[in-house]
Engineer: 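Please see the structure below; I have some questions.
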Amino acid sequence: IKKIMSPRQRRLHSDFEKIKEEFSNHPYIKVEYVANGDSIPEKYIVHFNIKGLKLDPQSTKDNRIILISREHKAEIYLHIDYPRLKPIANILTPIFHPNFRTASPHDICIGDYWASGETLVDIIYQIGEMIMYQNYNVDSPLNGPAALWAKNNIHRFPVDNTNIRKGDLKIEIKEIEIDLK
């Protein structure tokens, strides 16, 4: 008996297969998922081992102490309206960034515009690049103090230059000799 999948289920299945393929041996990103029985996962926990920023617990409003943090964890939930609407992404570890809300629900702004053609792999890479300040937006922030700090400290970015996208092409040109005799 062949199970008929809805368009949403097909998309969830496609995202799941791409996640397993892309991140199974990734040096900086590990992805956990919860599947109930033989269902396709709707929630992913993503671990990033890259440099980002967080506030020292001793920080005050007048004296912000910024620390480097290498361990970051985000949750991505594929709600019932996904992929028509963008997934819900939350940061689970402390971070100091204009596009991550520090108050509950700790959401991540993964863009003002959503195209259903964006894949979950794309979103995971985007969140990683945001953590490293390779990608950030100070014009519509979720964290005003972090946006102001970022505007005044643009010379510090990115905080990590790591290229986390495994699929980027690396082209090597070798010189060869050809004997035309």
Side-chain angles (χ1 to χ4, degrees), residues 15 19 22-23 26-34 41-166 168:
D15 280 338
I19 293 257
E22 187 73 15
F23 299 111
H26 200 284
Y28 308 106
I29 301 170
K30 303 286 179 245
V31 180
E32 296 176 50
Y33 49 87
V34 178
E42 294 180 349
K43 186 186 287 187
Y44 294 86
I45 304 294
V46 187
H47 300 264
F48 297 92
N49 183 13
I50 51 180
K51 285 186 200 168
L53 302 178
K54 68 178 183 177
L55 282 176
D56 185 298
Q58 305 297 316
S59 286
T60 64
K61 186 178 178 183
D62 299 323
N63 182 27
R64 288 200 168 77
I65 304 165
I66 312 296
L67 303 173
I68 296 284
S69 176
R70 279 200 147 281
E71 299 294 324
H72 310 275
K73 189 164 44 167
E75 175 185 81
I76 301 172
Y77 174 63
L78 309 176
H79 51 76
I80 196 71
D81 291 320
Y82 174 82
R84 197 172 47 78
L85 300 176
K86 68 182 170 186
I88 297 169
N90 297 307
I91 190 74
L92 303 176
T93 50
I95 193 163
F96 189 64
H97 191 286
N99 308 119
F100 292 74
R101 190 181 319 272
T102 52
S104 187
H106 307 287
D107 50 323
I108 302 168
C109 180
I110 53 175
D112 294 331
Y113 305 100
W114 168 250
S116 59
E118 287 183 70
T119 68
L120 204 46
V121 168
D122 295 330
I123 292 167
I124 290 170
Y125 281 135
Q126 178 185 348
I127 292 170
E129 289 164 350
M130 290 168 68
I131 289 169
M132 297 183 293
Y133 277 84
Q134 291 178 2
N135 174 2
Y136 62 98
N137 179 353
V138 295
D139 295 326
S140 63
L142 292 176
N143 181 333
L148 182 60
W149 184 86
K151 280 182 189 177
N152 294 328
N153 289 277
I154 196 166
H155 60 282
R156 297 177 185 241
F157 306 136
V159 295
D160 192 334
N161 287 308
T162 302
N163 179 357
I164 58 172
R165 293 186 184 256
K166 263 175 71 176
D168 284 357

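Hydrogens, waters and symmetry mates play no part in the numbers below; they use all other heavy atoms, side chains included.
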Engineer: For Ala74 and Ile127, which heavy atoms make the closest approach, and how far apart are they?
Structural biologist: CB-CG2, 4.5 Å
Engineer: Mind listing the closest non-hydrogen atom pair of Thr162 and Gln134 along with its distance?
Structural biologist: O-NE2, 2.9 Å
Engineer: Once you round to the nearest 0.5 Å, how far does CG of Asp122 lie from CD1 of Ile110?
Structural biologist: 11.0 Å
Engineer: Give me the ring orientation class for Tyr133 and His97: parallel if the planes are under 30° apart, tilted from 30 to 60°, perpendicular past 60°.
Structural biologist: tilted
Engineer: Once side-chain hydrogen bond (donor to acceptor under 3.5 Å, both in side chains) is applied, do any residues pair with Asn153, and if so which ones, sequence neighbours excluded?
Structural biologist: Arg156
Engineer: Might you point out which heavy atoms bring Ala146 and Asn143 nearest each other, and give the distance in Å?
Structural biologist: N-OD1, 3.0 Å
Engineer: Please walk me through it: do Leu67 and Phe96 pass side chain to side chain contact (heavy atoms under 4.5 Å, CB included)?
Structural biologist: CA-CA 9 Å; Leu67 303 173; Phe96 189 64; over 6 Å; no
Engineer: If you define the side chain from C-beta out and look only at heavy atoms, does anything of Val138 sit under 4.5 Å from Ile154?
Structural biologist: no
Engineer: Please tell me if the side chains of Leu55 and Ile66 come closer than 4.5 Å, counting only heavy atoms from C-beta onward.
Structural biologist: yes
Engineer: Check whether more than 12 heavy atoms from other residues, nucleotides or ligands sit under 6.0 Å from atom NZ of Lys30, and answer yes or no.
Structural biologist: yes
Engineer: For Leu142 versus Ile108, what's the shortest heavy-atom pair and its separation?
Structural biologist: CD1-C, 4.1 Å
Engineer: Working to the nearest 0.5 angstrom, can you tell me the gap between Glu129 CD and Ile50 CD1?
Structural biologist: 8.5 Å
Engineer: Quick one about Ser59 and Asp56 (side-chain donor to acceptor, distance below 3.5 Å, no hydrogens or angles considered), yes or no?
Structural biologist: no
Engineer: To the nearest 0.5 Å, tell me how far Glu42 CD sits from Ile80 CD1.
Structural biologist: 6.5 Å
Engineer: How long is the straight-line distance from OH of Tyr44 back to CZ of Phe23, given to the nearest 0.5 Å?
Structural biologist: 11.0 Å
Engineer: Taking atom CD1 of Ile19 and atom NE2 of His26, what is their separation to the nearest 0.5 Å?
Structural biologist: 11.0 Å
Engineer: Please examine the side chains of His106 and Glu75, heavy atoms only from C-beta on, and report whether any two atoms are closer than 4.5 Å.
Structural biologist: no
Engineer: Out of the candidates His72, Glu32, Glu71, only one should pair with His47 under the side-chain hydrogen bond (donor to acceptor under 3.5 Å, both in side chains) rule; please name it.
Structural biologist: Glu32
Engineer: Of the non-hydrogen atoms in Ile124 and Val31, which two are nearest, and what is the gap between them?
Structural biologist: CD1-CG2, 4.2 Å
Engineer: For Asn135 and Gln126, which heavy atoms make the closest approach, and how far apart are they?
Structural biologist: ND2-CG, 3.9 Å
Engineer: Can you confirm whether the side chains of Asp62 and Thr60 place a donor and an acceptor under 3.5 Å from each other?
Structural biologist: no
Engineer: Taking atom types as modelled and ignoring hydrogens, do the side chains of Asp160 and Tyr28 form a donor-acceptor contact shorter than 3.5 angstrom?
Structural biologist: no
Engineer: Would Tyr82 and Asp15 count as a side chain to side chain contact (heavy atoms under 4.5 Å, CB included) here? Give the steps.
Structural biologist: CA-CA 11 Å; Tyr82 174 82; Asp15 280 338; 2.4 Å; yes
Engineer: Centre-to-centre under 6.0 Å for Tyr136 and Phe100, is that the case here?
Structural biologist: no
Engineer: Side chains of residues 83-94: which donor-acceptor partners sit under 3.5 Å, not counting sequence neighbours?
Structural biologist:
{"unit_1": "Arg84", "atom_1": "NH2", "unit_2": "Asp81", "atom_2": "OD1", "d": "3.2"}
{"unit_1": "Lys86", "atom_1": "NZ", "unit_2": "Gly111", "atom_2": "O", "d": "2.5"}
{"unit_1": "Thr93", "atom_1": "OG1", "unit_2": "Lys73", "atom_2": "N", "d": "3.0"}

Engineer: So, applying side chain to side chain contact (heavy atoms under 4.5 Å, CB included) with Tyr125, which one of Thr119, Ile29, Leu120 is it?
Structural biologist: Ile29
